[in-house]
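Notes for the one structure printed next.
Treat the numbers as computed from the prediction; the structure is a model and nothing was measured. Chain naming here is simple, since letters A, B, ... match the order of the sequence lines and numbering starts at 1 in each. All values below were derived from every heavy atom in this structure, side-chain atoms included, with hydrogens, water molecules and symmetry-related copies excluded.
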Amino acid sequence: MDTTTAAPTAGRLRTAVPAAPAGTVPALHLAGITKHFGAVQAVDGIDLVVQPGEVVAFLGPNGAGKTTTIDMVLGLSEPSSGELSVYGTTPRGAVANGWVSAVMQSGGLLKDLSVAETVELTASLFARTQPVDVVLRRAGIADIAGRRVGGCSGGQQQRLRFAMALLPDPRLLVLDEPTTGMDVEGRRAFWAAIRDDARRGRTVLFATHYLEEADAYADRIVLVAGGRVVADGTAAEVKALSTGRTVRATLPGVRLGDLAGMPGVDELDVHGDTVLVQANDSDAVARWLLTQTAAHDLEVTSRGLEDAFISLTSTTSTDEVPR
Amino acid sequence: MSTLTPTTSATAATAAADPAAVDVPRSPLNTTYLRLDVRRVLRNRRTLVSTIVMPVVFYVIFGVGQEDAASRAYVMISLGVYGAMVAATSVGASVAVERASGWSRQLRLTPLRPATYVVTKVLAAATIALLPVAVEFVVGAVSGARMPARAWVVGGVVAWLGSLVFAALGLAVGYLLPSENAMQILGAAMSVLAMLGGLFVPLFLFPHLMQRIAQFTPAYGVGVLARYPLTHDGSVLGGVVNVVAWAAVFSVGAALLFRRDTARV
């Protein structure tokens with residue numbers, strides 16, 4: 001097809017992501033989305049609005065409903081209930097227009113084709129695409145264009161999927177656990193390519209269960225557990241939802257009753273001579289321990305995103321949804 | 001689509017987002033896909049052996065030793081049909097591999113229309129099925145098979161196009177079974193169908209009851225029609241009815257299974 005063989009020019013290298021009409025249409029709009037498979041409630045009412053240009057991490061433990069939600073966003077399955085639109089249209093309409101494309105976790109490739117042939121074939125299915133050599137270069141696989149897909153490493157195959165997803169120059173790029181099974185090097189190279197691409201203004205939604213990926217690459221983290229959104233905000237905001245520090249000190253012969261006067265305690269544990277305190281105002285706790293008791297070897301540690309992740313995703317049975 | 005209810009405020013925001021305005025390639029013929037799909041089949045050694053090498057080996061064993069030139073031609077046409085039907089089936093059944101590898105799912109993330117996919121598969125099957133017929137006929141010609149010019153042309157074309165019925169069978173089985181099993185089951189089934197259809201052994205050598213049953217099997221019609229210009233034996237009408245009926249059965253089966261397959265993820 002002529003779209004794929006056209007020589008790249010400087011002008012075509014620029015991949016203008018079309019501006020959202022009137023700046024009002026969200027890239028993604030989910031309202032009360034549910035999905036059940038038989039008796040299993042995989043997605044239990046997700047509300048989410050993603051604005052054009054945002055890089056959003058869809059973070060959650062395995063089985064949180066991330067992939068199920070992404071499948072619905074891509075039109076691969078339909079919600080049991082709720083409303084869903086992608087740039088103001090149906091998922092299938094958005095896919096057909098080349099407005100949304102995806103890098104799936106695995107599969108989707110034919111072993112007998114070469115890297116370049118796979119991209120060429122995919123390009124032929126769209127009305128307009130970027131040139132094959134341009135997307136190969138952007139995905140960092142121009143040097144292995146002639147290699148059979150079956151002979152590519154997991155990381156190379158993932159960059160091939162990325163190249164295929166870039167073909168229609170989508171407004172929204174969806175990545176479903178894109179670095180699962182990649183080594184550290186491959187993961188870094190992959191994210192470098194994604195990040196470079198997102199800098200040009202593309203909206204990115206990626207599912208992951210790697211906290212550090214969400215922390216490092218997303219503007220916004222949507223934390224899901226049990227098929228629901230349990231937190232939504234910047235990495236700092238999500239961390240703040242599970243605020244507080246841990247104060248640990250050694251206090252020989254301590255009994256719980258000795259600590260009754262301690263201020264601002266969220267949680268108190270005593271193991272032998274060790275006192276463990278969870279508190280929002282760790283300074284007050286530390287001051288009290290050092291001045292009112294014989295505590296020594298005092299340590300204060302802050303809880304990170306991981307703690308936020310654990311505390312927020314393990315309490316999904318409650319109806320409380322911190323926002 | 002039920003994914004978008006009319007009350008969604010975003011839908012009203014832009015007419016440009018109307019999926020009806022989608023700029024999808026209109027022609028169901030995608031030459032790039034066809035070329036790459038054919039190339040992919042040709043890279044598969046096992047397919048080439050079963051579709052081209054085996055029929056030629058059978059011909060050398062069973063055909064070359066025949067007394068007269070017309071008998072050699074008889075065996076040649078039959079095995080040409082056999083090679084073409086195996087080729088068409090394997091192309092159709094390659095959909096099993098595409099499902100297992102997630103390629104079908106990947107295709108659903110593109111504007112590819114089902115019609116284009118089916119047309120591409122059928123044309124790929126036609127391209128691949130031409131090879132065993134051509135090779136078989138060339139080997140036959142150089143090893144002493146002789147028949148009227150009309151029988152070469154009509155017999156060859158009927159063997160080629162008639163076997164396309166089996167592309168639909170391959171598609172149906174490809175949607176029905178996981179890839180590990182599809183080709184193994186089909187390989188065995190092809191041999192049985194070829195035997196029952198009189199492609200390996202002339203049917204008059206069978207017991208009477210077997211001959212009656214054989215007439216209703218899918219390889220029978222195309223075999224009778226392909227050999228007719230040479231033998232003037234058997235019923236053309238019966239052959240046509242057989243081919244059309246099985247084409248309908250396999251196509252409807254493939255279409256239903258295709259629909260079932262795309263309805264889920």
Exercise for the section: Please report the closest heavy-atom contact between B/P111 and A/A96, naming both atoms and the distance. Expected result: CG-O, 3.4 Å
Fill in the blank from the handout: Of all heavy-atom pairs linking B/Y33 and A/S124, the shortest is N-OG, 4.2 Å
When rounded to the nearest 0.5 angstrom, what distance separates [atom1] in [X] from [atom2] in [Y]?
{"X": "A/L113", "Y": "B/W103", "atom1": "CG", "atom2": "CH2", "result": "6.5 Å"}
{"X": "B/L36", "Y": "A/T122", "atom1": "CG", "atom2": "OG1", "result": "9.5 Å"}
{"X": "B/R108", "Y": "A/L76", "atom1": "CZ", "atom2": "CG", "result": "5.5 Å"}

Exercise for the section: List for me each residue that meets ring-ring contact (aromatic ring centres under 6.0 Å, His included) alongside B/W246, sequence neighbours excluded, and say none if there are none. Expected result: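 Partners of B/W246 by the ring-ring contact (aromatic ring centres under 6.0 Å, His included) criterion, ordered by chain and then number, come out as B/F250.
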Exercise for the section: Sort by residue number and list every member of residues 37-47 of chain B having a non-hydrogen atom under 4.5 Å from chain A. Expected result: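 B/R39, B/R40, B/R43, listed by number.
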Problem - Test side chain to side chain contact (heavy atoms under 4.5 Å, CB included) applied to A/L125 and B/T32, B/T116, B/L107, the passing residue - result: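 For A/L125, the side chain to side chain contact (heavy atoms under 4.5 Å, CB included) check succeeds only for B/L107.
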Where does [X] contact chain B at under 4.5 Å (heavy atoms): side chain, backbone, both or neither?
{"X": "A/L74", "answer": "both"}
{"X": "A/S81", "answer": "neither"}
{"X": "A/S80", "answer": "neither"}

Practice task
Compare all side-chain heavy atoms of B/S101 with those of A/L110 and state whether any distance is below 4.5 angstrom.
Solution key: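 The answer is yes; the side chains approach within 4.5 Å.
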Practice task
Could you tell me whether the side chain of B/L109 reaches within less than 4.5 Å of the side chain of A/M164, counting heavy atoms only?
Solution key: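 Of all side-chain heavy-atom pairs linking B/L109 with A/M164, none is under 4.5 Å.
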